[in-house]
Amino acid sequence: MRHPSLIPAPLLPVVLLLVCQVARSFLLEGSATSYAQFRKWNAGLNGTLEFEFKTEQGNGLLLYTDDGGTYDFFEVKLVESALRLRYNLGGGAQIVTVGHDLGDGHWHKVQITRCNENTTLTVDGVGAVSTSRGKEFEFGKLAGNSDVYVGGMPSWYNSKLTLLALPSVIFEPRFNGFIRNLVYADGENTMPRRQEMKSRDAKVRKYFGMRCYKKICSSKSPNAILDLNCRSSCKCFVTVINDQTFEDLSEIT
Ligand SMILES: *[C@@H]1O[C@H](CO)[C@@H](O)[C@H](O)[C@H]1NC(C)=O
Ligand SMILES: *[C@@H]1O[C@H](CO)[C@@H](O)[C@H](O)[C@H]1NC(C)=O
């Protein structure tokens with residue numbers, strides 16, 4: 001299916017405009033090193049965190065953040081196409097699982113909602129509550145907490161396992177798919193906001209967007225026409241851009 005080809009230079013500005021409109025999602029390829037890194041989550045006692053994902057695989061690490069290596073962590077992953085939250089706020093690890101068939105290639109919305117000792121995991125509006133034991137329910141100390149990692153962990157953690165509250169996280173399969181709309185409060189803010197990526201594995205593709213071909217050229221021959229106003233008469237593909245090279249990943253239907 002993959003078919004790299006060069007962008008005709010005159011079309012580049014148009015293409016980038018289009019890409020900007022849909023660049024709110026990003027692709028993690030699930031390779032041995034892929035991950036994306038975001039600001040610390042100021043979880044507070046009543047914080048929320050949400051994001052959407054789309055994948056065709058039933059297993060993979062979606063999100064991880066911890067207190068820098070003591071006890072507290074939040075780990076969200078797909079396990080056999082169900083969504084699983086494992087977390088610890090100091091009183092012992094808790095597990096809560098929701099949903100099924102989540103590796104079906106459609107978008108799914110995840111929400112984690114804290115309310116003191118109770119933490120609710122929700123997928124597509126269906127939630128389950130878990131109650132922590134212990135005396136206090138703060139998530140670590142903001143200053144010492146880790147950033148939020150999505151899709152995998154940076155490989156430098158492999159030699160710094162003591163910095164992980166849940167060292168096994170580095171062995172989790174990496175997430176292969178799309179993520180968008182990661183929203184939570186960060187820093188000293190208590191108002192949730194959409195998070196921008198801080199950094200990512202260099203091999204993760206920079207942008208993706210949509211590329212359309214006239215149906216007559218649906219074989220994607222080298223002289224296929226890139227037409228941005230032809231959704232009904234074209235075949236459109238999710239497209240990754242590596243510098244100057246396009247790669248069509250999957251057809252949008
Ligand atoms: C969460 O708690 C903080 C301080 O305890 C408060 O300022 C904020 O309004 C609360 N947010 C919600 C959504 O209840
Ligand atoms: C936590 O959940 C339990 C059981 O659902 C409920 O009785 C309790 O009031 C909840 N606590 C808070 C702070 O919402």
Side-chain angles (χ1 to χ4, degrees), residues 35-53 60-79 82-99 108-123 127-154 156-157 160-172 174-175 179-200:
Y35 72 93
Q37 185 170 354
F38 297 82
R39 288 182 198 88
K40 295 176 188 191
W41 176 27
N42 184 356
L45 287 172
N46 59 359
T48 61
L49 180 152
E50 62 180 56
F51 63 90
E52 292 167 75
F53 72 86
L61 178 67
L62 282 161
L63 184 142
Y64 179 83
T65 182
D66 72 15
D67 61 2
T70 313
Y71 299 111
D72 296 1
F73 65 85
F74 285 87
E75 180 201 52
V76 184
K77 60 184 176 179
L78 280 172
V79 179
L83 187 71
R84 177 168 301 170
L85 168 67
R86 200 147 51 124
Y87 72 98
N88 192 342
L89 294 168
Q94 303 284 326
I95 292 182
V96 50
T97 304
V98 291
H108 297 285
K109 182 169 185 172
V110 177
Q111 292 165 295
I112 299 172
T113 310
R114 300 212 44 215
C115 186
N116 290 314
E117 70 271 32
N118 294 339
T119 299
T120 305
L121 177 68
T122 305
V123 66
V129 186
S130 150
T131 302
S132 296
R133 294 181 295 271
K135 293 197 187 66
E136 60 83 26
F137 308 104
E138 293 284 353
F139 171 47
K141 298 250 184 311
L142 193 58
N145 285 357
S146 75
D147 278 344
V148 172
Y149 297 103
V150 171
M153 298 299 290
W156 61 260
Y157 267 115
K160 295 261 193 310
L161 294 182
T162 54
L163 296 182
L164 290 167
L166 182 68
S168 66
V169 69
I170 64 164
F171 302 114
E172 295 294 341
R174 286 168 196 258
F175 174 75
I179 302 281
R180 70 182 181 193
N181 296 331
L182 177 61
V183 176
Y184 55 82
D186 61 68
E188 296 308 312
N189 298 312
T190 51
M191 283 303 292
R193 59 171 172 168
R194 190 196 308 270
Q195 297 294 321
E196 300 295 335
M197 200 178 298
K198 283 174 70 175
S199 60
R200 66 199 319 181

Nearest 0.5 angstrom please: [X] [atom1] to [Y] [atom2], how far?
{"X": "Glu52", "Y": "Gln111", "atom1": "CD", "atom2": "CD", "answer": "9.5 Å"}
{"X": "Tyr71", "Y": "Leu89", "atom1": "OH", "atom2": "CG", "answer": "13.5 Å"}
{"X": "Ile170", "Y": "Met153", "atom1": "CD1", "atom2": "CE", "answer": "8.5 Å"}
{"X": "Asn88", "Y": "Ser132", "atom1": "CG", "atom2": "OG", "answer": "7.5 Å"}
{"X": "Ile112", "Y": "Leu85", "atom1": "CD1", "atom2": "CG", "answer": "5.0 Å"}
{"X": "Asn118", "Y": "Gln94", "atom1": "CG", "atom2": "CD", "answer": "10.0 Å"}

If I compare all heavy atoms of [X] with all of [Y], which pair ends up nearest, and what's the gap?
{"X": "Arg86", "Y": "Ser168", "result": "NH2-OG, 3.9 Å"}
{"X": "Tyr87", "Y": "Ser130", "result": "OH-OG, 2.6 Å"}
{"X": "Asp66", "Y": "Ala165", "result": "OD2-N, 2.9 Å"}
{"X": "Ala93", "Y": "Phe73", "result": "CB-CZ, 4.3 Å"}
{"X": "Gly99", "Y": "Ala82", "result": "O-CB, 3.4 Å"}
{"X": "Val96", "Y": "Leu121", "result": "O-CD2, 3.6 Å"}

For Arg84 and Ile95, what are the C-alpha separation, side-chain angles and deciding distance, and is it a side-chain contact (heavy atoms from CB on, under 4.5 Å)?
CA-CA 7 Å; Arg84 177 168 301 170; Ile95 292 182; 3.8 Å; yes
Over 12 non-hydrogen atoms of neighbours within 6.0 angstrom of OH in Tyr157:
yes
Other residues, nucleotides and ligands only: do more than 12 of their heavy atoms fall within 6.0 Å of NZ on Lys198?
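Above 12, so yes.
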Paired with Val98, the side-chain contact (heavy atoms from CB on, under 4.5 Å) test is passed by just one of Thr120, Leu83, Thr122, namely Leu83
Is the shortest heavy-atom distance from the side chain of [X] to the side chain of [Y] under 4.5 Å?
{"X": "Val150", "Y": "Phe51", "answer": "no"}
{"X": "Leu142", "Y": "Glu188", "answer": "yes"}
{"X": "Tyr149", "Y": "Gln37", "answer": "yes"}
{"X": "Glu138", "Y": "Leu45", "answer": "yes"}
{"X": "Phe38", "Y": "Met197", "answer": "yes"}
{"X": "Leu63", "Y": "Val110", "answer": "no"}
{"X": "Leu49", "Y": "Leu182", "answer": "yes"}
{"X": "Phe139", "Y": "Arg114", "answer": "yes"}

Has [X] got a side-chain atom pairing as donor or acceptor with [Y]'s backbone, closer than 3.5 angstrom?
{"X": "Trp41", "Y": "Ser146", "answer": "no"}
{"X": "Asn42", "Y": "Asn189", "answer": "yes"}
{"X": "Thr65", "Y": "Asp147", "answer": "yes"}
{"X": "Tyr64", "Y": "Leu166", "answer": "yes"}
{"X": "Gln195", "Y": "Tyr184", "answer": "yes"}
{"X": "Asp67", "Y": "Gly140", "answer": "no"}

Could you tell me how the ring of Phe53 sits relative to the ring of Phe175: parallel (under 30°), tilted (30 to 60°) or perpendicular (over 60°)?
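Rings of Phe53 and Phe175: perpendicular, as their planes differ by over 60°.
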Reference residue Asp186; test salt bridge (Lys or Arg N to Asp or Glu O under 4.0 Å); the match among Arg193, Lys40, Arg194:
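Looking at Arg193, Lys40, Arg194, the match for Asp186 under the salt bridge (Lys or Arg N to Asp or Glu O under 4.0 Å) is Arg193.
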